[in-house]
Amino acid sequence: MSRQYITTAIDYANASPHMGHVMEKILADVCARWFRLRGDEVRFQIGMDEHGIKIQETAAKQGLTPAALVEKMAPVYRDLYGRLGISEDVFVRTTDRDAHWPTVIELWKRLETSGALEKRSYAGLYCVGCERFYTAKDLVDGKCPLHLTVPQEVKEENWFFLLGRETAWLQEALAKEYRIIPEQRAHETFSLLDRGLEDVSFSRPRSSLEWGIPVPGDEGQTMYVWCDALTNYISGIGLLTDHAQPEWWDDATVTHVIGKDIARFHALIWPAMLKHAGVTLPDRLLIHGFLTSEGQKMSKSIGNVVSPEEVLAHVDGNADVLRFYLSHEIPVGNDGDFSWKRFDELYDAKLRNQLGNLLNRVLVLLRKGTEGELAIGPHALSPDVERQWTSYRTAMDAFELQDALQAAWSLCVSGNVFIDTHKLWTKKGEEKTKELSALAELLRHVSLMLLPFIPRTAQRMARQLHLPYADRMLAKDFVITDEMKAWGGVADWKRVGEPEILFPPLGK
RNA sequence: CGCGGGGUGGAGCAGCCAGGUAGCUCGCGAGGCUCAUAACCUCGAGGUCACAGGUUCAAAUCCUGUCCCCGCAACCA
């Protein structure tokens, strides 16, 4: 048994959750659930990034203090994730002075002690209207493209993290210890490294960034996002404090699940920070792509933004449908598309027809004229189940979620074909019980395979099948044992329960 | 010469890293079945795998070049 520590990026409390946030949480949740089901000890962490200038600005616009804004936003995210069935163990917030700040402050001190930080003055072209810096090439005729004013030259003091000199070390670390998944995403990172890295600004003067963690020993400066937000991955387990749980870092497989937009920060800045703080590197970086909408980038001006709430409303709040869509449609690491047509199509073809209908026809047949008694014995379908378990396992362990779902669905197809070719509705007596019991057993295996992806549906299936373990399936300590994976492996399972429609037709 | 991804039957995608009868979902056509949520099963039509060269007994798959589409381009989470 191994120990798995899995994290997602923490969400910025500036705006409402969108499909990108949801996709990432679902991906990580499927992995976390799989780790638990295969018997690993798991700690799954998500959270909120609640500092920064944008939070200050948004709060001001809404007539709130930054603190009030983040207090408002955190429950919005937590509520949504709860409905989506995200099974996190820890929810970190960067405004948490007890849980988060001590690690951050100690980390900063260590970076400074190790000589990785340096205070410099930073000169740039600042547009008062935009409240931001521009580089010369961003300007149009020397003017801000938005306000058409000439930016002022502003000089400010910043702490810099000396990342530039870490290039060679990072090349080695990324080749050996800290793996990027999928591999194609690693190319990008290596090409960045080949061109050499620059030092990064790690703080801002308090006058321009107030809402954040003060730099220890230099109260006139506020930490910029890197040292604050990235550090959540170790503050959540208390590293660098007196309540550290180092077993979750040093003696665990650490996986960061993040989007491709922030891959470079996680692949470059984060390991360099850890090195200077004397903390070992994480094990892997699982990078996912972005979601387009109807083939185009989601954008407010195109008006094709799809909100998670909208999708949930479309399926009466059944989050499993969204979980299934994202897991099935978006290959891990690639960009994917959200299309309503495809969403409905998949709902009908896979969930409603192939899966739901199969369960229904098996249960109805099995109970016709009897109490639904089972007699599971050796059967022609059992080698197929065994084979699909093997490919399912291999796929799940390699984060190839689509292939794993494919394994489960191919069992459904086998089931439907078997009923048809053997005309099971014409069978009577013992033969009927024997054949249909095999179909019920097949569905039991399907339900177990679906458990990480669509947990509530898997449990509903198990309840209809009247499985003894059905009520325990969603518990975090529920493990899929070898017996459960074996054909006829549940000895005290004697009969099936009442059939019930798993996925009703949409729009009615 | 900024970086990266992509161009495969009507639509959306997999296959490419480790060359060897081109696969999946939806749609379409014909038939079957009637247990089931008008669901299920079988068969079929439809592709010069962007284009041009090259390597090879053999290329969607490796190499070179061209065209087109899409992201990113650093303090914008």
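Chain A is the first sequence line, chain B the second, and so forth, proteins listed ahead of strands; every chain is numbered from 1.
In the set B/A74, B/C75, B/A77, the nucleotide with an atom closest to the side chain of A/Val225 is B/A77. Listed nucleotides B/C41, B/C72, B/A39 differ in distance to A/Asn357; the shortest reach to its side chain belongs to B/A39. When distances are taken from the side chain of A/Ala229 to each of B/C40, B/C72, B/A77, the shortest belongs to B/A77. Listed nucleotides B/A77, B/A74, B/A36 differ in distance to A/Tyr12; the shortest reach to its side chain belongs to B/A77.
For the P atoms, the distance from B/C16 to B/G29 is 34 Å, rounded to whole Å. Taking the P atoms as reference points, B/G20 lies 16 Å from B/C49, given to the whole Å. Rounded to the nearest Å, the gap between the P atom of B/G23 and that of B/A18 is 23 Å. The C1' atoms of B/C33 and B/C43 are separated by 15 Å, rounded to the nearest whole Å. Between the C1' atoms of B/U37 and B/G6, the separation comes to 39 Å (whole Å). Spacing of C1' atoms, B/G5 relative to B/U42, comes out at 40 Å, to the nearest Å. B/C70 and B/C13 are spaced 14 Å apart, taking the P atom of each and rounding to whole Å. Annotation: B/G12 and B/U55 have their P atoms spaced 35 Å apart (nearest Å).
For A/Arg120 and B/C75, the CZ to C1' distance is 14 Å, given to the nearest whole Å. As rounded to whole Å, 15 Å separates atom P of B/A36 from atom CD of A/Gln464. Atoms CH2 (A/Trp409) and C1' (B/U25) sit 13 Å apart, rounded to a whole Å. Whole-Å rounding puts the A/Trp270 CH2 to B/A77 C1' distance at 15 Å. Between the NE2 atom of A/His288 and the C1' atom of B/G5 there is a distance of 16 Å, given to the nearest Å. Between the CG atom of A/Leu230 and the C1' atom of B/A77 there is a distance of 10 Å, given to the nearest Å.
Residues A/His21 and A/Val413 each lie close to RNA chain B; by heavy-atom proximity, the contact nearer the 5' end of the strand is made by A/Val413. Projected onto RNA chain B by closest heavy-atom contact, A/Leu346 and A/Asp11 fall at different nucleotides, the more 5' of which corresponds to A/Leu346.
Using the six-membered ring where Trp is involved, A/His266 and A/Tyr233 have ring planes that are tilted, between 30° and 60° apart.
For A/Phe338 and A/Phe343, the distance between ring centers is under 6.0 angstrom. The aromatic ring centroids of A/Trp226 and A/Phe160 lie 6.0 Å or more from each other. You'll find the ring centres of A/Phe453 and A/His328 outside the 6.0 Å limit.
Counting any heavy atom pair closer than 4.0 Å across all strands shown, A/Leu424 reaches no nucleic acid atom.
The structure places CG of A/Leu506 at 9.5 Å from CG of A/Leu351, a figure rounded to the nearest 0.5 Å. The SG atom of A/Cys412 sits 10.5 Å away from atom CD of A/Gln388, with the distance rounded to the nearest 0.5 Å. A/Met223 contributes atom CE, which lies 5.5 Å from atom CD1 of A/Ile213 (distance to the nearest 0.5 angstrom). Here CG of A/Leu174 is found 12.0 Å from CZ of A/Arg179. Values are rounded to the nearest 0.5 Å.
When both pairing distances are held under 3.5 Å, B/G2 makes a Watson-Crick or G-U pair with B/C72. The partner of B/A30 is B/U42, by the rule that a Watson-Crick or G-U pair needs both atom distances under 3.5 Å. Checking B/C67 for Watson-Crick or G-U wobble geometry (two distances, each under 3.5 Å) identifies B/G7 as its partner. As the counterpart of B/U56, no nucleotide is assigned, since no Watson-Crick or G-U wobble pattern has both distances under 3.5 Å.
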**OP:** Summarise how protein sits on nucleotides 26-35 of chain B as a single string, 5' to 3': B when a protein heavy atom is under 4.0 Å from the base, S for sugar-phosphate-only contact, - for no contact.
**Re:** S-----BSSB

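Between the side chains of A/Gln56 and A/His51, no donor-acceptor pair of N or O atoms lies under 3.5 Å.
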